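Naming convention: chains lettered A, B, ... in sequence-line order (proteins, then strands); numbering from 1 in each chain. Predicted model, so just to flag it, every value in this text is computed and none were measured.
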Number of protein chains: 4
Amino acid sequence: MPKLTPKLTPKLTKDDVLKKAEELKNWGRWGPDDELGVLNFITPQDIVNAARLVKKGRVFRLGLELDENGPQRGIFGGRWNPLHQMLATGTDAVAGKHDVTPGLRYADDAINLPTQAATQWDALSHVFLEEQMWNGYPATLVDSRGAHRNGIEKFADKMVGRGVLLDVARHKGVPYLQDGYGITVADLDATAAKQGVEVRRADFVIIRTGQMEDRLQKGEWGGYAGGDAPGLAFESLDWIHGKQIAGICSDTWGIEVRPNDTGPEVFQPWHWVTIPAIGIVHGEIFYLKELAEDCAADGVYEFFFCAPPLVISRGTGSPINPQAIK
Amino acid sequence: MPKLTPKLTPKLTKDDVLKKAEELKNWGRWGPDDELGVLNFITPQDIVNAARLVKKGRVFRLGLELDENGPQRGIFGGRWNPLHQMLATGTDAVAGKHDVTPGLRYADDAINLPTQAATQWDALSHVFLEEQMWNGYPATLVDSRGAHRNGIEKFADKMVGRGVLLDVARHKGVPYLQDGYGITVADLDATAAKQGVEVRRADFVIIRTGQMEDRLQKGEWGGYAGGDAPGLAFESLDWIHGKQIAGICSDTWGIEVRPNDTGPEVFQPWHWVTIPAIGIVHGEIFYLKELAEDCAADGVYEFFFCAPPLVISRGTGSPINPQAIK
Amino acid sequence: MPKLTPKLTPKLTKDDVLKKAEELKNWGRWGPDDELGVLNFITPQDIVNAARLVKKGRVFRLGLELDENGPQRGIFGGRWNPLHQMLATGTDAVAGKHDVTPGLRYADDAINLPTQAATQWDALSHVFLEEQMWNGYPATLVDSRGAHRNGIEKFADKMVGRGVLLDVARHKGVPYLQDGYGITVADLDATAAKQGVEVRRADFVIIRTGQMEDRLQKGEWGGYAGGDAPGLAFESLDWIHGKQIAGICSDTWGIEVRPNDTGPEVFQPWHWVTIPAIGIVHGEIFYLKELAEDCAADGVYEFFFCAPPLVISRGTGSPINPQAIK
Amino acid sequence: MPKLTPKLTPKLTKDDVLKKAEELKNWGRWGPDDELGVLNFITPQDIVNAARLVKKGRVFRLGLELDENGPQRGIFGGRWNPLHQMLATGTDAVAGKHDVTPGLRYADDAINLPTQAATQWDALSHVFLEEQMWNGYPATLVDSRGAHRNGIEKFADKMVGRGVLLDVARHKGVPYLQDGYGITVADLDATAAKQGVEVRRADFVIIRTGQMEDRLQKGEWGGYAGGDAPGLAFESLDWIHGKQIAGICSDTWGIEVRPNDTGPEVFQPWHWVTIPAIGIVHGEIFYLKELAEDCAADGVYEFFFCAPPLVISRGTGSPINPQAIK
């Protein structure tokens with residue numbers, strides 16, 4: 001596979017990042033009480049139109065399996081792979097354990113996972129800009145009891161609309177982009193053009209880098225969760241803001257290229273701007289293999305997208321299993 | 001509110017239940033390796049047709065909030081309300097805890113819940129018929145490591161189709177049906193007729209009893225999770241089987257009327273037949289208030305239904321936030 | 001049972017509480033890096049002497065059972081009864097699930113509990129005095145990653161010494177003290193005198209109110225965890241400080257009387273002084289029934305006390321099963 | 001360091017193992033209802049005598065830190081390092097989050113861990129012999145609700161007595177024994193003789209291999225939890241049974257040498273005999289560094305031993321922090 005030369009963003013200082021955040025900031029745009037951010041772009045008519053994209057009745061699950069083989073390898077402190085525990089089993093049942101009078105033989109289970117363990121939505125309370133979060137709410141409104149503003153439960157009926165896949169890796173002719181490759185605006189536009197799909201206001205845009213599929217094929221996650229990755233360059237912020245899209249998603253842990261070309265004060269500079277300033281939610285660790293293959297096969301890169309979060313009160317994210325329906 | 005006289009099913013013995021299971025058993029119908037059950041009824045064309053039901057672009061979330069105020073009060077042993085815990089907070093961020101070099105201020109959290117804590121799909125591994133589960137697999141295939149057959153992950157891209165609400169409570173003219181009221185086939189047919197909606201092959205049918213709304217209004221769950229409830233009478237099994245529906249859902253903890261009129265050997269007789277014999281999945285603890293109000297207002301009781309489970313490997317169920325889209 | 005008239009402390013303002021904290025503050029007494037507080041009073045000779053109290057070889061467990069029947073009923077937000085979950089079972093084993101080659105048939109489990117769920121040590125990081133904790137460390141050193149100072153792990157080999165039971169309820173001639181009864185210094189001294197035991201420097205003093213036994217007998221915890229309780233009056237702070245004891249324990253959820261006679265700004269005023277100012281650790285929810293009966297029978301109220309915390313790194317407490325050995 | 005030639009036990013078949021279990025089986029020895037096994041050997045006088053070993057007032061904690069740096073690296077399926085989560089923090093407190101009226105500023109936390117995560121007691125329900133456990137109880141008495149016989153709670157006041165350290169590594173003149181080195185009866189006797197300590201009825205015997213200290217020093221656990229290890233050879237079973245000791249402990253994950261020289265049907269043959277047949281409990285993953293250094297320094301290898309389990313109802317083990325007191 002040919003090694004692509006990543007086009008890095010210019011060396012960014014904290015001031016550059018804060019300046020960009022100020023420039024693209026949507027605070028107040030939908031009033032002082034807003035907790036939806038750019039999801040406000042989605043109109044009922046957009047949803048009706050999106051449903052018309054269901055033409056062959058094929059459904060793709062974009063959620064990664066939740067189990068002990070997930071990518072959380074302790075690199076980013078404090079996250080773990082899902083713990084799935086049985087509360088009642090078939091072996092118990094057959095051993096007669098449920099045959100009280102009256103009886104019902106059953107199995108039951110529980111799951112314990114960080115909301116960011118695998119495929120997930122970030123909430124608008126997930127990243128802060130200095131001492132504030134989306135729409136200017138104080139960051140301290142997120143305490144040990146959860147996010148008292150901008151919680152994920154606000155999105156309970158909002159994650160529905162038109163989805164567009166931008167398969168940058170396929171467009172570049174590689175199975176996966178190299179770690180550290182920063183996807184430019186030119187890359188995004190060229191991919192869309194080649195695919196014959198237009199990115200529109202209110203879209204959920206899904207970027208495919210191929211990184212997850214590479215790691216799944218190798219059977220080794222390595223630094224997938226928290227380490228280097230291909231992803232959107234800093235300059236993509238203007239594109240995201242200008243296009244007025246409603247959500248941005250990818251098959252990597254953080255959408256953004258890693259490392260991004262920043263000085264010592266800033267980690268993930270793109271995050272500083274997207275969630276808290278623009279008010280756009282991230283969909284991360286999306287599983288895209290079958291969807292991408294189908295889009296390549298039929299040349300249709302748009303679809304109905306339905307990705308409801310769990311209604312976690314005061315959550316800063318939610319595990320999800322997004323559905324792309326063509 | 002007038003007290004309805006519940007029409008109870010005849011006193012059932014274990015033999016009656018086993019006989020009914022044998023009569024309606026779909027094992028082998030889709031081959032010896034099937035793990036989907038009656039979800040097999042859904043065709044791609046059904047999904048395309050269902051998407052055409054999106055006409056006004058309104059989305060309803062049918063997932064109950066996941067938090068400490070949920071219905072799990074320890075009545076049915078071993079379940080608990082969701083535990084939501086913060087791994088990183090805004091108060092930490094503002095106290096400078098994330099300002100390592102380089103830094104990103106963020107919040108993070110985790111959730112620990114039984115898959116049956118609130119709004120949920122049962123998997124086909126959730127209930128057993130004697131020593132077997134759906135399609136004849138041994139119940140012992142569900143052990144402490146999970147469901148090695150009929151796991152919820154098999155439904156990852158299957159919970160999409162036409163949804164139909166049968167608002168039995170509204171049809172009966174009551175805010176909610178009484179605990180112990182057994183909904184008959186006549187009730188189901190009359191409700192559909194009055195609503196002007198047809199129940200068809202491959203539908204996800206959602207039964208509204210009003211019980212959840214009553215408990216939410218009272219601010220007291222009482223025995224909601226595991227106790228008495230209004231719900232489908234035993235005779236509804238023939239209706240479910242005959243209609244060839246794909247899923248059956250309700251706003252109660254177990255869809256089935258409680259108590260059901262059974263002798264001492266059998267608890268929840270309807271469960272013995274639905275999941276393991278017919279192979280139909282249950283959607284339980286659905287939150288229906290706004291959807292029901294909208295249907296009553298516009299007279300349209302059918303919609304696009306999209307309710308993806310989390311992809312829990314070997315799970316016997318999944319928390320969900322189903323979406324009804326009109 | 002005669003109703004005792006509780007002798008309440010005078011109405012306390014926040015200033016009163018802060019003034020008392022200032023008066024009894026031990027900060028710096030054992031140097032600027034100390035994280036042990038009054039546990040420093042215990043000398044090796046104290047431990048040798050305490051071991052000599054083992055005269056009949058009888059051991060008492062003071063830990064309450066950890067299970068679903070515990071006192072956490074959601075009154076004090078965010079705590080739950082222990083969740084005990086099986087990772088491998090005998091039913092699995094007998095069903096042949098462990099008979100891989102080579103095999104071992106076994107059972108395994110896990111437990112998930114708040115450190116304050118039942119019998120527990122508080123760490124010196126558990127309660128703050130304004131913006132500081134024990135020895136003057138900033139409270140912000142306790143963040144979402146844990147207690148970076150004054151963690152429970154510092155006590156890993158410190159909870160050993162002489163134990164003394166003050167059975168106030170028995171001394172008063174009642175099975176249990178009423179909720180709201182404030183135990184005075186006079187009560188403590190009279191109890192010790194009647195029991196013929198002296199409270200000395202470096203002792204672990206255990207106060208019995210009988211409240212837990214009453215609730216266990218009734219089979220209903222009620223507001224045990226977080227509600228009203230008998231317990232030490234505010235004036236006991238001087239006694240604790242003056243006696244130079246090493247630990248203070250009780251059979252209630254918080255040792256302190258509830259309600260304590262304070263104005264609106266202060267909750268649990270005694271807590272404001274004990275842990276952060278005096279630097280004395282609390283042992284709470286101790287199960288005392290058999291120990292108390294034995295002491296009453298043989299008239300010996302002193303014993304060897306060994307109550308090791310789990311070595312929870314950066315913990316603010318630990319579940320324990322203290323041992324009183326006579 | 002010189003490489004020791006491990007003296008392996010002869011190649012064992014399943015029949016050999018079952019025959020040894022039959023030979024050493026203590027079932028019924030203390031009646032048909034016994035759940036204590038060889039802990040029955042401990043008399044009150046033994047405890048009194050053990051307390052007399054406290055001569056210099058020095059306490060050693062034998063519990064490993066419970067945190068994310070523990071040895072559970074997923075090798076033995078389904079175990080994880082402790083998850084420590086904060087329920088309330090000092091950063092919240094300082095941000096004014098607890099200043100409700102009336103207020104108390106505090107921190108709170110929870111811990112979620114397998115009972116076998118780190119330093120731990122196995123219960124007598126932890127390992128089965130064919131279809132039975134200790135004293136002949138059916139293994140199926142351990143189901144998804146826990147161990148209905150032989151639960152760890154039965155040991156709540158039993159883990160107190162004389163402790164003896166056998167520092168085999170030091171006796172052999174090496175910092176640690178090689179993985180796969182099987183400690184023989186001759187090794188045990190020679191170590192005791194050299195140390196000048198006698199192993200007696202009712203002792204808790206602690207074997208030091210040095211493996212844990214080696215891994216801690218290297219900062220890499222490798223296969224510590226579940227992989228190869230030095231440890232007791234199969235022949236030690238006769239010694240354990242004959243000596244009538246009350247508990248057997250070590251600084252490795254399973255006490256027993258790994259690999260043990262068995263054929264394909266048997267994994268950990270020593271375990272098949274100790275827990276279910278002899279009825280002796282295992283103490284595993286003990287942290288021994290300071291204790292071993294002190295014993296080497298003063299030549300005293302006996303001490304008062306107090307290692308209370310948490311009172312986990314129906315538990316198959318418990319995390320512990322054993323105390324050796326000299």
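- Ranked by heavy-atom pairs under 4.5 Å with chain C, the list D:Met159, D:Glu130, D:His98, D:Lys158 is led by D:Glu130.
- Interatomic distance, CG of D:Leu310 versus CG of C:Leu64, reported as 12.0 Å (0.5 Å rounding).
- Side-chain atoms of C:Asp143 and D:Thr89 include no donor-acceptor pair closer than 3.5 Å.
- Heavy atoms only, all atoms of each residue included: D:Cys306 and C:Cys306 are closest at SG-SG, 3.2 Å.
- Looking at C:Gln45, neither its backbone nor its side chain comes within 4.5 Å of chain D, counting heavy atoms on both sides.
- Judged by distance alone, the side chain of C:Asp109 and the main-chain N or O of D:Gly146 form no donor-acceptor pair under 3.5 Å.
- Between chain C and the residues D:Val127, D:Asp67, D:Val94, the most heavy-atom pairs under 4.5 angstrom are made by D:Val94.
- Considering CG of C:Leu104 and CG of D:Leu129, their distance stands at 10.5 Å, rounded to 0.5 Å.
- Looking at D:Phe304, the atoms closer than 4.5 Å to chain C (heavy atoms on both sides) all sit in the side chain, from C-beta outward.
- D:Val48 places none of its side-chain heavy atoms less than 4.5 Å from the side chain of C:Lys55.
- When the candidates D:Ile47, D:Val311, D:Thr119 are compared by the number of heavy-atom contacts under 4.5 Å with chain C, D:Val311 comes out ahead.
- With a threshold of 4.5 angstrom between heavy atoms, C:Leu87 approaches chain D through side-chain atoms but not through N, CA, C or O.
- For a residue to count as touching a neighbouring chain, one of its non-hydrogen atoms must lie under 4.5 Å from one of that chain's; by this rule D:Ala93 touches chain C with the side chain only.
- For D:Pro319, the parts sitting under 4.5 Å from any heavy atom of chain C are the backbone and the side chain alike.
- Neither the backbone nor the side chain of D:Gln85 comes within less than 4.5 Å of any heavy atom in chain C.
- Most heavy-atom pairs under 4.5 Å with chain D: of the set C:Ser313, C:Ala51, C:Gly317, this distinction falls to C:Ser313.
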| request: Take D:Ile325 and C:Val160 through the test side chain to side chain contact (heavy atoms under 4.5 Å, CB included) and record every step on the way to the result. | output: CA-CA 9 Å; D:Ile325 312 175; C:Val160 174; 3.8 Å; yes

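- Note: C:Gly103 leads C:Gly63, C:Gly103, C:Ala147 in heavy-atom pairs under 4.5 Å with chain D.
- Using a 4.5 Å cut-off between heavy atoms, C:Glu65 contacts chain D through both its backbone and its side chain.
- Of the listed residues (D:Glu68, D:Arg314, D:Lys14), the one with the most heavy-atom contacts under 4.5 Å to chain C is D:Arg314.
- Contact annotation for D:Ile42: neither backbone nor side-chain heavy atoms come within less than 4.5 Å of a heavy atom of chain C.
- Listed options C:Ala123, C:Pro82, C:Pro309 were ranked by heavy-atom pairs under 4.5 angstrom with chain D; first place goes to C:Pro309.
- Neither the backbone nor the side chain of D:Leu141 comes within contact range of chain C, judged by heavy atoms closer than 4.5 Å.
- For the atom pair CG (D:Asp108) and OG (C:Ser125), the distance works out to 10.5 Å, reported to the nearest 0.5 Å.
- Taking chain D as the reference chain and counting heavy-atom pairs below 4.5 Å, the highest number among C:Pro276, C:Gly315, C:Ala50 is found for C:Gly315.
- At a 4.5 Å heavy-atom cutoff, the contact between C:His84 and chain D is made by side-chain atoms alone.
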| field | Verdict with reasoning, C:Phe60 to D:Asp157, per side chain to side chain contact (heavy atoms under 4.5 Å, CB included) | value | CA-CA 6 Å; C:Phe60 300 90; D:Asp157 57 0; over 6 Å; no

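- Taking both residues in full, the closest heavy atoms of D:Ala156 and C:Asn321 are given as O-ND2, 3.0 Å, listed atom of the first, atom of the second, then distance.
- Both the backbone and the side chain of D:Thr115 have a heavy atom closer than 4.5 Å to some heavy atom of chain C.
- Between D:Trp80 and C:Ala110 the shortest heavy-atom distance is CH2-CB, 3.6 Å.
- Proximity to chain D is absent for every atom of C:Leu53, based on heavy atoms less than 4.5 angstrom apart.
- Chain D forms the most heavy-atom pairs under 4.5 Å with one residue out of C:Glu153, C:Lys326, C:Arg61, and that residue is C:Arg61.
- The distance from atom OG1 of C:Thr316 to atom OH of D:Tyr106, rounded to the nearest 0.5 Å, is 10.0 Å.
- Among D:Glu265, D:Met86, D:Arg105, the residue with the largest count of heavy-atom pairs under 4.5 Å with chain C is D:Arg105.
- Ranked by non-hydrogen atom pairs under 4.5 Å with chain C, the options D:Pro114, D:Ala139, D:Pro308 are led by D:Pro308.
- The only member of C:Asn112, C:Ile111, C:Ile312 that meets side chain to side chain contact (heavy atoms under 4.5 Å, CB included) when paired with D:Ile111 is C:Ile312.
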